[in-house]
Amino acid sequence: ALLLVWMDPAEPRRVRLTLHTLSSEVIAYKMNPVRVAETTVGGQRALWTDGPYIVALRSGDWVSERLVSGHVLIWQEGGETHRLESDLPLEEAVQIAESLQPWHP
């Protein structure tokens, strides 16, 4: 799993958005999102969810649970699942998702 966090420059203690990239070994469980809608990222099926709801991530013995309070754009690409969490509207979240480029070390 990879987690990237962008802080709000106007409020340095506030998270602006997060990006989770999960391999096929990580399982995510969502507990009753307020809303789940279908959309697309790069022409591929994606989901748009609204919080608050609990998300649990599990890989082997590692488990993480937390409250999701904003919006989440979820899509798959290259065998990985991506979760972009923010308070942004859907259109901006899709633009960010479509602007991401693969990282090759």
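Under the 4.5 Å side-chain heavy-atom criterion for ILVMFWY residues, a single connected hydrophobic cluster contains both Leu90 and Trp6. Cluster membership check: Val55 does not share its hydrophobic cluster with Leu4, using side-chain heavy-atom separations under 4.5 Å among Ile, Leu, Val, Met, Phe, Trp and Tyr. One hydrophobic cluster, built from ILVMFWY side chains closer than 4.5 Å, holds both Leu88 and Val94.
Using a 3.5 Å distance cut-off with no hydrogens or angles, the side chains of Gln76 and Thr81 do pair a donor with an acceptor.
We find the CD-CZ distance between Glu25 and Arg58 to be 14.0 Å, quoted to the nearest 0.5 Å. Atoms CZ and CG, on Arg13 and Asp8 in that order, are 13.5 Å from each other to the nearest 0.5 Å. A distance of 12.0 Å separates CE in Met7 from CZ in Arg16, rounded to the nearest 0.5 Å. If you take CG on Leu17 and CD1 on Ile96, they are separated by 5.0 Å, rounding to the nearest 0.5 Å. Interatomic distance, Leu22 CG to His82 NE2, rounded to the nearest 0.5 Å: 9.0 Å.
Using a 4.5 Å cut-off on side-chain heavy atoms (C-beta onward), Leu84 and Trp75 make contact. Within the 4.5 Å cutoff, side-chain heavy atoms of Leu100 are placed close to those of Leu19.
Take Thr49 and apply the side chain to side chain donor-acceptor pair (under 3.5 Å) test, not counting sequence neighbours, and it matches Tyr53.
Residue pairs satisfying the salt bridge (charged side-chain N to carboxylate O under 4.0 Å, His left out) criterion with at least one member in residues 89-105, sequence neighbours excluded, are absent.
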Donor-acceptor contacts, no H, no angles, side chain residues 66-74, under 3.5 Å, sequence neighbours left out:
| from | atom 1 | to | atom 2 | distance (Å) |
| --- | --- | --- | --- | --- |
| Arg66 | NH1 | Glu85 | OE1 | 3.4 |
| Arg66 | NH2 | His20 | NE2 | 3.3 |
| Arg66 | NH2 | Glu85 | OE1 | 2.6 |
| Arg66 | NH2 | Glu85 | OE2 | 2.5 |
| His71 | ND1 | Asp50 | OD1 | 2.4 |

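Summarising the geometry of Ala97 relative to Val41, their closest heavy-atom pair is CB-CG1, 3.8 Å, with the distance given to 0.1 Å.
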